[in-house]
Protein chains: 2
Amino acid sequence: VIVEVVGVGTELLLGQIADTNAQWIGGRLAAIGADALFHQVVGDNLQRITSSIELALSRADAVIVTGGLGPTQDDITRHALAAVAGVALERRPELADGIRERFARAGREMPESNLVQADVPAGARTITPERGTAPGIVLDVGGRRVYALPGVPVEMREMMEGTVLPELAVTSGPATIQSRTVRCVGMAESRIAELLDDLFHGSTNPTIAYLAGGGEVKVRLTAKASSAEEAAALIGPGVETVLTRLGDVVTSTSDEELEEVVGRLLRAAGRTIACAESLTGGSLSMRLSRVPGASDYFLGSAVVYRPASKRALLGVLQETLDGPGVVSRECAAEMAAGARSRFGADVGLSLTGAAGPEGHDGAPPGTVWIGLDADERTHQRRIRAPGDRAMVVRWSEQAALDLVRRLLEGRPLLDAEPVVR
Amino acid sequence: VIVEVVGVGTELLLGQIADTNAQWIGGRLAAIGADALFHQVVGDNLQRITSSIELALSRADAVIVTGGLGPTQDDITRHALAAVAGVALERRPELADGIRERFARAGREMPESNLVQADVPAGARTITPERGTAPGIVLDVGGRRVYALPGVPVEMREMMEGTVLPELAVTSGPATIQSRTVRCVGMAESRIAELLDDLFHGSTNPTIAYLAGGGEVKVRLTAKASSAEEAAALIGPGVETVLTRLGDVVTSTSDEELEEVVGRLLRAAGRTIACAESLTGGSLSMRLSRVPGASDYFLGSAVVYRPASKRALLGVLQETLDGPGVVSRECAAEMAAGARSRFGADVGLSLTGAAGPEGHDGAPPGTVWIGLDADERTHQRRIRAPGDRAMVVRWSEQAALDLVRRLLEGRPLLDAEPVVR
């Protein structure tokens, strides 16, 4: 089954909001094996919305329209649907009652204009909203189907999960597109591509793709098959080959974030971690804490921007601050040890450096020292991260978390400076 | 001038990456007054890319194609351009030399396949890349123009800024679309819309739009005019009206993030801040630290997940932990005072609560205590945030930062629970 997504909203064209709906729907369609050949985005203009839906219907079996179902004057998707089907809009009393009730429950007066949300093209089916007030609209036109859903992500997703995807899955039959993503830290994309050059070369099923960014490289293997099992069987040997060839730079074979990998390893080992951060400003801590159940092993972090705070909260020595300074092996070591002891953790992890744009304490921008303090060992590593401030922060987090992964997996702890892409 | 954006890449359709390019380009086109009526996304298929570009050329003066200019077999945008223009590809020796040189400088061997990036439709102009290896391609077809740019955001942006936008600005003449965004915290979207109901009602220039999410509401006023000054004159009185009617819930009239507002106010007052966080896990700290120059006023944060850490790092009393517990007015007060004294800051800000999905220490999920400890005053406030864990965290940050804004602006400090949307 071929499905096309049409996003409605001038704010999308003006770049005022990101079209996250298209990405989410694309992923869900792939998971049920539906083919998406085109996406369209169109502004709040009746004629153009109508022509976009007509174009989509000319080349797809089903069209998913998002946005333009609200109560305001620029919400005109329902008019476009009526135009496409060549029917009139009719007010559905049961929908109008539902909208009135919702306002009454909230103790608010309902502007009469809100009732336009009860207007539906004649002959259309509706999808009852659980969270919002805008019902979804399902309309069959010339043997093809249009689903019109609200643009608010949670309202759209609820109707996709509850109605659209189950219906499309029946139509598309037993077919699926499955991907496995292998993530790697510490090796350049070009080197990875060289090592995997012959894998699936010239193949259209499975396929291999590389995606570099954020201090890691993702290798994605994708297969289309009649069942998830069959797709997995097509991809599985490839994943094994990738793992064998790339070795210990592989952080995950199931698309896990590095903080998830570290969390899983800490939990399995029954160990705890605490951090000391300066240049990352709390983002290392935030990544660790965001993993569900993180409070079992993540004890906390001291975000210390000033030398005096490094001393007061973590016990960094005054002679370290006066001597080698805050961007130094010594400072990283003392911060890691301080975090470990103050929080009573098994593993202390620290980051101190110059995120840029200026250098810091004599170190050029991008220079970062990472400290690791675990039961039997202490380790420091310097990296020189490329790019702007945000990139330096991200690379630093990746290198720090990867050091913990290596510790817990019993891999060699890197002390060389990593390859800069 | 009407411009259409065509994003090329199967990974976009499959939802594997977000189409951030379209959003960015949309924003930049609006800024120079170019009209974008449609966006398209198409997969890596020669026939479909060709037909998408042809469709765009049939309804726009200029087309911006992003993606598909790389060296691999699925990069076929250059072939589609040749097909649209009805010309052959020709290899440009100077481009080939440039690619060879780039590899030589990096000390790497160049796979021969990389030279396809020197293939350009006959008669086309190229844009020399500063960062990547893929040149941009500019092709005139039937009096209209196609710009093909790399899909990598930094490479695309460099060519947009350097070539495409300046050229389009000349064509589009003196016209611009300008927006002003007023941000509000602590008032529901529906209430804001009621208060501003008559503003620009039925007007198409300027227009008013509401966007709620992330614990705040944005009111966006947009005008199209022949100059930035004229557009500003159209919007300005509206912004004043919004400010007058909404009062002290307005956090910014220039689309600033709340951490930018707080940073600006701290800097102006010559004061410093330190935080103590539990449920937010470092994200409050990260937001504060991300503002350029934040190290002038942001001293750091103690991220304390466990009761013992709250005691050890912040001096929360054992009887508070045993008595009212960690989700309490007392704990928030002691955490804020502890952060202030340990970091030596002028303002201490704390957050402690139950982010969910479970409750915590007897408090239902979404219950959060915020503590503020400043020179002459101490203040605590409880909120009940809606939604899932991420939403509770975001609402908590907003409420906490807004309390600091109110303190520094001399506004009343809220102690009522905020309206839940």
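Here is the naming used below: chain letters follow the sequence lines, and residue numbers restart at 1 for every chain.
Judged by distance alone, the side chains of B/T280 and B/E397 never bring a donor and an acceptor atom under 3.5 Å apart. No donor-acceptor contact under 3.5 angstrom links the side chains of A/T222 and A/Q178, judged on distance only.
A donor-acceptor pair under 3.5 Å is formed between the side chain of A/S289 and the backbone N or O of A/S285. The main-chain N or O of A/V304 is found under 3.5 Å from a side-chain atom of A/K310 such that the two form a donor-acceptor pair.
With chain A as partner, the option from B/G27, B/A274, B/A22, B/G7 having the largest number of non-hydrogen pairs under 4.5 angstrom is B/G27. In terms of heavy-atom pairs under 4.5 angstrom with chain B, the leader among A/I17, A/D19, A/L12, A/T10 is A/I17. Across A/L313, A/L14, A/L37, the residue that shares the most heavy-atom pairs under 4.5 angstrom with chain B is A/L37. Contact count versus chain B (heavy atoms, under 4.5 Å) is highest, among A/G15, A/G344, A/P292, for A/G15. Here A/S295 is the residue among A/A30, A/S295, A/G43 with the most heavy-atom pairs under 4.5 Å with chain B. Interface summary for chain B: among A/E277, A/E194, A/Q40, A/R306, the most heavy-atom pairs under 4.5 angstrom belong to A/R306. Chain B forms more heavy-atom pairs under 4.5 Å with one residue of A/R28, A/R287, A/R290, A/M286 than with any other, namely A/M286.
Across all non-hydrogen atoms, the minimal contact from B/F343 to B/S301 is CZ-N, 3.4 Å. Listed here is the closest heavy atom pair of B/S283 and B/V393: OG-CG1, 3.5 Å.
Atom OG of A/S309 is separated from atom CG of A/L314 by 9.0 Å, given to the nearest 0.5 angstrom.
In this structure, no portion of A/S341 lies under 4.5 Å from any heavy atom of chain B. For A/T207, no part lies near chain B; criterion is any non-hydrogen pair under 4.5 Å. Residue B/R389 touches chain A through its side chain alone, counting heavy-atom pairs closer than 4.5 Å. Heavy atoms closer than 4.5 Å to chain A are found in the side chain of B/R220, but not in its backbone. Contact of B/A18 with chain A is made through backbone and side chain together, with heavy-atom distances under 4.5 Å. Neither the backbone nor the side chain of A/D44 comes within less than 4.5 Å of any heavy atom of chain B. A/T20 does not touch chain B: none of its heavy atoms, backbone or side chain, sits under 4.5 Å away. In this structure, chain A has no heavy atom under 4.5 Å from any part of B/T181.
Using a 4.5 Å heavy-atom threshold, the side chains of A/Y210 and A/L196 count as touching. B/V6 has its side chain out of reach of B/I64: every pair of non-hydrogen atoms, C-beta onward, lies at least 4.5 Å apart.
The cationic group of A/R59 lies under 6.0 Å from the six-membered ring centre of A/F38 and within 45° of the ring axis, placing it in a cation-pi geometry.
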